[in-house]
Amino acid sequence: MTFTVAVAGASGYAGGEILRLLLDHPEARIGTLTAHSSAGTPLGAHHPHLRDLADRVLQPTSARALAGHDVVVLALPHGASGQVAAELEALGGDPVVLDLGADHRLQDAADWEAYYGSPHAGTWTYGLPELVTAVTGGRQRAALAGARRIAVPGCNVTAVTLGLQPGVAAGLLDPTDLVAVLANGYSGAGKALKPHLLASEAFGSAVPYAVGGTHRHVPEIAQNLRSAGAADVRTSFTPVLVPMSRGILATATARLAPGVDVDEAALRTTWRDAYADEPFVHVLPDGQWPTTAAVTGSNTALVQVALDARAGRVVTVTAIDNLVKGTAGGAVQSLNLALGLPETLGLPRNGVAP
């Protein structure tokens with residue numbers, strides 16, 4: 001089935017990445033492209049690598065410009081997509097709308113208001129097909145079939161969730177004592193011209209940010225691990241910018257749950273069984289560890305797990321490309337499910353190396 005797609009925020013990193021993927025999707029046809037401050041300029045001025053769309057002129061972002069397509073992608077800052085989505089709703093029609101921003105991810109309005117400081121725009125179907133849903137005993141992909149409004153997860157959230165959820169679902173981990181430290185590429189910070197994002201500041205330096213539980217992905221991680229079966233979740237989460245353009249390497253650890261006695265081989269069996277049928281999540285062979293270079297450009301997540309017996313902690317390491325599996329690839333994967341297409345259609349599983 002052929003479908004048309006409009007993309008709001010097409011000049012940004014997330015907008016450019018979903019366009020790159022959709023250009024290789026056999027059923028997608030690219031329609032209107034919009035932007036805010038970049039309106040009136042050709043897409044090629046912002047994404048010179050997208051040669052097939054280089055001459056397309058960006059339109060101002062409005063619901064009317066986006067209407068009339070089968071699919072609308074909102075690659076907008078938090079707070080902006082909720083407003084545009086509401087205006088689209090008022091115009092009628094029923095496109096599939098994918099929000100790459102944060103506006104519709106959280107189920108708890110109080111969490112949204114505490115971390116984002118504005119009224120909650122509402123909750124959409126969550127776009128992480130591999131998410132364990134303990135209540136149904138299945139995965140989130142079942143909820144995505146036929147969905148018309150999809151909230152794409154945060155990139156850090158995807159990495160931490162995929163690393164920890166097999167142990168949470170199996171009752172092996174204590175979800176009240178989780179620690180996650182992430183190495184993040186600079187594209188996750190967007191294109192805004194800020195001094196700390198300049199190459200002269202970034203090269204040769206690793207920089208922590210949103211330290212001490214202040215990062216806006218904290219409540220979303222807790223929401224996902226509750227979905228996997230945790231009654232209570234407490235996570236110490238620290239992201240660190242490192243001098244690479246793409247990628248997330250998430251090291252997430254947890255204490256073994258009280259009374260659990262398990263060896264490393266049994267741990268790995270649990271993680272491998274959890275992802276045995278997943279096309280985009282792969283648990284690596286013993287002794288092999290995820291790297292960001294191995295997933296660059298792909299919709300693949302690489303995972304490894306180990307037991308730190310002296311500390312009584314399980315250590316997981318997960319690598320994803322923040323712009324693909326962490327954002328645009330996860331969006332296309334969810335879109336495929338919503339439209340009844342093969343989940344893997346148009347999505348690369350192989351990385352680009354060296």
Side-chain angles (χ1 to χ4, degrees), residues 106-108 111 126 128-140 153-183 212-213 215 217-240 248-278 280-290 301-320 325-326:
L106 295 180
Q107 297 168 0
D108 189 328
D111 278 345
Y126 195 68
L128 183 59
E130 300 90 352
L131 178 67
V132 173
T133 54
V135 172
T136 65
R139 301 290 170 112
Q140 181 66 9
C155 53
N156 295 310
V157 179
T158 295
V160 174
T161 299
L162 294 176
L164 290 174
Q165 71 171 358
V168 171
L172 299 178
L173 304 182
D174 177 359
T176 68
D177 186 2
L178 308 176
V179 177
V181 179
L182 285 71
H215 197 286
H217 286 173
V218 169
E220 192 182 344
I221 292 169
Q223 177 176 288
N224 286 359
L225 296 181
R226 287 195 299 269
S227 173
D232 183 24
V233 180
R234 298 178 210 169
T235 307
S236 173
F237 174 81
T238 307
V240 180
I248 294 174
L249 188 71
T251 302
T253 77
R255 283 194 182 278
L256 288 168
V260 169
D261 184 12
V262 64
D263 62 16
E264 192 162 271
L267 274 181
R268 287 185 175 149
T269 296
T270 297
W271 262 253
R272 286 176 182 144
D273 288 349
Y275 293 127
D277 298 322
E278 292 295 341
F280 294 113
V281 185
H282 304 287
V283 179
L284 292 175
D286 296 359
Q288 189 174 350
W289 291 93
L302 297 180
V303 181
Q304 186 57 283
V305 60
L307 176 65
D308 185 339
R310 290 180 182 273
R313 298 188 75 86
V314 174
V315 181
T316 69
V317 179
T318 305
I320 64 171
K325 183 57 179 162

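All of these numbers come straight from a predicted model, not from anything done at the bench.
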Validation row: L162, K325 side chains within 4.5 angstrom (heavy atoms):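 Side chain of L162 against side chain of K325, heavy atoms only: contact under 4.5 Å found.
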
Pairwise side-chain contact, Q165 with N224, heavy-atom cut-off 4.5 Å (strictly under):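 SC-SC contact between Q165 and N224 ruled out.
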
Heavy-atom closest contact ([X] atom, [Y] atom, distance):
X: L128; Y: Q140; answer: O-CB, 3.1 Å
X: V168; Y: L173; answer: N-CD1, 4.0 Å
X: G287; Y: Q304; answer: N-NE2, 4.2 Å
X: L284; Y: P290; answer: CD1-N, 3.4 Å
X: I248; Y: A159; answer: CG2-CB, 4.0 Å
X: E130; Y: E278; answer: CG-OE1, 3.2 Å

Flag if over 12 foreign heavy atoms under 6.0 Å of CG, D263: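 More than 12 within 6.0 Å, yes.
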
Atom pair [atom1] ([X]) and [atom2] ([Y]), whose distance is rounded to the nearest 0.5 Å:
X: D177; Y: R234; atom1: CG; atom2: CZ; value: 9.0 Å
X: N156; Y: T161; atom1: CG; atom2: OG1; value: 10.0 Å
X: W271; Y: L164; atom1: CH2; atom2: CG; value: 7.5 Å
X: L172; Y: R255; atom1: CG; atom2: CZ; value: 15.5 Å
X: Q107; Y: E220; atom1: CD; atom2: CD; value: 10.0 Å

Partners passing side-chain hydrogen bond (donor to acceptor under 3.5 Å, both in side chains) against T176 (at least two apart in sequence or in another chain):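 Checked T176 against side-chain hydrogen bond (donor to acceptor under 3.5 Å, both in side chains); matches are D174.
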
Geometric class of the H217/F237 ring pair [parallel <30°, tilted 30-60°, perpendicular >60°]: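 It falls in the tilted class, 30° to 60°.
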
